[in-house]
Amino acid sequence: MSLNGLNFYSYLSRIRILRTYSSKIMLVAFLGTHVPLITLLLFFVLSTVQDVPTALRILGIALVATLAGTAATLLALHRLLAPVMLTSKSLNRYLSEREIPNLPTIFQDEAGSLMADTVTTVRKLDELIHYMANYDGLSGLPNRDLFLERLTSSLHELSMREEILSFPILSLEATHLKQIRSNFGVHMGDLYLRALVQKLETILGPETVLARTGDGEFSFFPLPSSSQILETDSEIWAGKIQNSISSPLSVVDQQISSEIQIGISVFPYDGKSSDQLLWKSETALSQAKLSGTSKIQTYSSEWKERMKEKYLLEKDLKLAISKNQLFLQYQPRIEVQTGKKISAEALLRWNHPEYGIISPTIFIPIAEESGIIGEMGEWVLAKSMEDLGNWKKRGLPPIRISVNLSVKQLEDKNITKKVLDILERNSLNVEDLELEITESSLITNTHSALEILGELHSWGISLALDDFGTGYSSLSYLSKIPLKTLKVDQSFVRKILTDPNSLAISKTIVALGKSLGLRITAEGVETEIQMRKIKDLGCDEAQGYFLSKPILLDELEKFVQT
């Protein structure tokens with residue numbers, strides 16, 4: 001039936017006294033039977049009966065009989081409307097109380113179909129709502145809410161036992177998921193997650209509750225009914241899981257792997273509520289991610305304080321630029337053979353109003369994690385080029401400034417235009433600037449980063465690769481990046497006289513760079529003996545505390561002129 005069929009129903013709905021569907025049916029039934037019958041009766045009486053009393057008696061008897069029949073008819077109609085009214089009330093109860101309709105499904109006519117179909121539809125709808133509210137659509141695993149609900153139930157079960165049993169809650173993250181999606185595509189990243197879930201389910205088995213609690217994050221704990229994993233064994237258990245799922249997974253003919261890190265909290269020592277235990281396992285996971293060395297970490301109260309400090313610093317750091325708390329220092333770089341001062345690296349510093357000078361090793365990772373590193377990188381570039389522009393206007397000895405390019409800047413399609421605009425604004429040439437990148441900054445989106453670096457190179461801007469030899473893909477990148485300078489990481493230079501491996505690596509880097517026609521810079525030179533050694537190896541440039549610590553611009557002016 002089309003919507004036009006609702007016109008009569010719509011008209012009756014405007015009559016205020018006809019609020020219910022049954023009242024509309026009753027009115028139509030009453031009028032439909034009484035109007036023609038009474039009209040016919042009046043016509044018969046008036047045309048055949050001569051005296052008034054007889055006419056009134058006949059009309060009275062007829063009306064009583066008609067009303068009695070009508071009452072019976074209306075009662076029957078009311079009962080026949082019971083399926084519709086009951087279905088309507090059941091739907092209202094489901095909407096208000098989430099109570100599943102309990103309607104008969106044995107009848108075969110239209111009213112029976114209405115009730116049966118309503119029951120089936122509402123049950124399927126309820127299952128869908130329950131699934132959407134409690135399960136993750138990509139992995140099919142319980143979501144965070146259902147995980148906490150099941151953890152609460154398990155904690156209640158444990159509290160009913162006489163002996164106090166401990167068991168771990170673990171949070172796990174595949175930390176390279178962003179890089180996987182950047183390099184292979186979002187769809188492949190989702191397929192990798194599904195493959196990871198299948199492997200996790202196989203390893204953990206049915207006696208472990210597993211849930212997806214973040215993009216690449218999962219949390220799990222053993223059921224109280226399973227064989228208990230004691231606190232002393234939780235790290236061993238986590239280690240076995242970490243080793244099992246760190247190996248590459250086959251995804252559409254691609255072998256894809258990710259670094260797996262795990263955080264652990266233990267009931268009842270780290271808390272007795274589900275929210276508290278999950279939060280602490282995720283805090284331990286954050287500790288593992290930021291430590292740089294530990295892949296598995298248990299919760300500690302000391303880390304809680306560090307996370308609190310980190311949160312407060314992050315809030316302050318976001319205001320540091322607008323409040324003029326950031327400033328630059330410059331570390332000079334000299335030519336090894338001649339001692340000529342040729343360039344200086346711009347280094348960002350933060351003068352916190354309460355804590356004073358904060359180490360870059362503390363605030364740079366916070367800036368990277370919070371996403372403001374891109375804005376800070378642009379500030380460093382603009383400020384250093386402004387300093388250099390003023391330097392040249394004063395006729396000071398020529399010098400090139402080296403600026404680090406962050407991961408965020410390497411993802412910015414407009415970075416080349418921004419760099420050229422800054423140079424033009426300060427009346428500088430492309431030869432006045434060198435941009436430094438690290439191997440780790442290339443991992444996030446290799447193809448896009450190489451395109452941007454190629455564009456920068458095409459405009460004549462020099463590129464240097466910092467921290468070379470500390471990554472795991474150095475050689476593959478080295479052949480693709482249009483470099484001019486290769487920097488030997490300070491971790492090798494500082495041990496170049498005491499560690500045969502550091503010496504061997506340094507020799508290899510120098511030989512490799514020379515074969516590619518690159519200039520070699522040694523970082524972290526701290527002694528005269530180290531200086532002589534890197535000169536013997538054939539390094540072209542050097543920087544480090546032996547030559548100069550990072551200094552302010554006016555100190556750099558004095559350094560260059562002496």
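For this chain, numbers begin at 1 and follow the sequence in order.
Judged purely by distance below 3.5 Å, without hydrogens or angles, the side chains of Glu455 and Ser458 never pair a donor atom with an acceptor atom. With hydrogens and angles left out, the side-chain atoms of Ser171 and Ser219 include a donor and acceptor closer than 3.5 Å. Side-chain polar atoms of Lys199 and Ser247 form a donor-acceptor pair below 3.5 angstrom. In summary, the side chains of Asp387 and Ser384 do not present any donor paired with an acceptor at a separation below 3.5 Å, with no hydrogens or angles considered.
Of the candidates Lys487, Gln543, Arg333, Glu523 forms a side chain to side chain donor-acceptor pair (under 3.5 Å) with just one, namely Lys487.
Considering CD1 of Ile264 and CD of Glu235, their distance stands at 5.0 Å, rounded to 0.5 Å. Rounding to the nearest 0.5 Å places CG of Leu486 at 6.0 Å from CG of Leu465. To the nearest 0.5 angstrom, Lys341 atom NZ is 10.0 Å from Ile399 atom CD1. Residue Ile481 holds its CD1 atom at 12.0 Å from NE2 of His457, rounded to the nearest 0.5 Å. Here the CG atom belonging to Leu381 is positioned 8.0 Å from the CG atom belonging to Leu405, to the nearest 0.5 angstrom. Remark: Ser281 OG to Ile169 CD1 distance equals 7.0 Å, nearest 0.5 Å.
Although no hydrogens or angles enter the test, the distance criterion places no donor-acceptor pair under 3.5 Å between the side chain of Lys495 and the main chain of Pro500. Under the 3.5 Å distance criterion, the side-chain polar atoms of Asp275 are left unmatched by any main-chain donor or acceptor of Leu278. Ser265 places a side-chain N or O within 3.5 Å of a backbone atom of Leu277 that can act as its donor or acceptor partner. Gln254 contributes no side-chain N or O that, together with a main-chain N or O of Val251, makes up a donor-acceptor pair within less than 3.5 Å. Under the 3.5 Å distance criterion, the side-chain polar atoms of Asn429 are left unmatched by any main-chain donor or acceptor of Asp432. With hydrogens and angles disregarded, a donor-acceptor distance shorter than 3.5 Å links the side chain of Lys280 to the backbone of Asp270. Side-chain atoms of Ser286 come within 3.5 Å of backbone N or O of Glu282 as a donor-acceptor pair. Of the possible polar contacts, none joining the Arg519 side chain to the Lys484 backbone as a donor-acceptor pair under 3.5 Å is found. Of the possible donor and acceptor atoms, none in the side chain of Asn426 sits under 3.5 Å from a partner among the backbone N and O of Leu428. Of the possible donor and acceptor atoms, none in the side chain of Thr438 sits under 3.5 Å from a partner among the backbone N and O of Asp466.
Between Phe220 and Trp237, the ring centre distance stays below 6.0 Å. Taking the six-membered ring wherever Trp is involved, the centroid distance between the rings of Phe147 and Phe221 falls below 6.0 Å.
In this structure, Ser246 and Glu259 have side chains that are not in contact, with every pair of non-hydrogen atoms separated by 4.5 Å or more. The side-chain heavy atoms of Met385 and Leu423, taken from C-beta on, include a pair separated by under 4.5 Å. Proximity of Glu386 to Arg425: side-chain heavy atoms (C-beta onward) are nowhere separated by under 4.5 Å. Side-chain contact check for Leu193 versus Leu138: some heavy-atom pair is nearer than 4.5 Å. The shortest side-chain heavy-atom distance between Glu345 and Asn404 falls under the 4.5 Å cut-off. Between Ser258 and Leu177, every side-chain heavy-atom pair lies at or beyond the 4.5 Å cut-off. Contact check for Leu553 versus Leu328: no side-chain heavy atoms found under the 4.5 Å cut-off. No side-chain heavy atom of Ile422 sits under 4.5 Å from any side-chain heavy atom of Leu420.
Between Glu375 and Lys408 there is no salt bridge, since no side-chain nitrogen of the basic residue lies less than 4.0 Å from a carboxylate oxygen of the acidic one. Using a 4.0 Å cut-off between charged side-chain N and carboxylate O, Asp190 and Arg181 make a salt bridge. With respect to Asp540 and Lys514, a salt bridge is recorded, a charged nitrogen being found less than 4.0 Å from a carboxylate O.
For Ile534 against Ala542, the heavy-atom pair with the smallest separation is CD1-CB, 3.7 Å.
The ring pair (Phe, Tyr, Trp, His ring centres under 6.0 Å) test applied to His352 returns Trp350, Tyr355, not counting sequence neighbours.
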Run the side chain to side chain donor-acceptor pair (under 3.5 Å) check on Ser402 and Glu434 step by step: do they pass? CA-CA 5 Å; Ser402 182; Glu434 179 182 70; 3.2 Å; yes

Run Ser406 and Gln409 through side chain to side chain donor-acceptor pair (under 3.5 Å) and show every step you take. CA-CA 5 Å; Ser406 70; Gln409 288 171 289; 3.2 Å; yes

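For Lys272 and Phe267, the positive end is not near the middle of the six-membered ring at less than 6.0 Å and at most 45° from its axis.
A 6.0 Å sphere centred on CG of Leu552 holds more than 12 heavy atoms belonging to other residues, nucleotides or ligands. The environment of Lys417 atom NZ is sparse: at most 12 non-hydrogen atoms of other residues, nucleotides or ligands sit within 6.0 angstrom.
Annotation: side-chain hydrogen bond (donor to acceptor under 3.5 Å, both in side chains) contacts involving residues 524-538, sequence neighbours excluded, comprise Arg494-Glu526, Glu528-Arg532.
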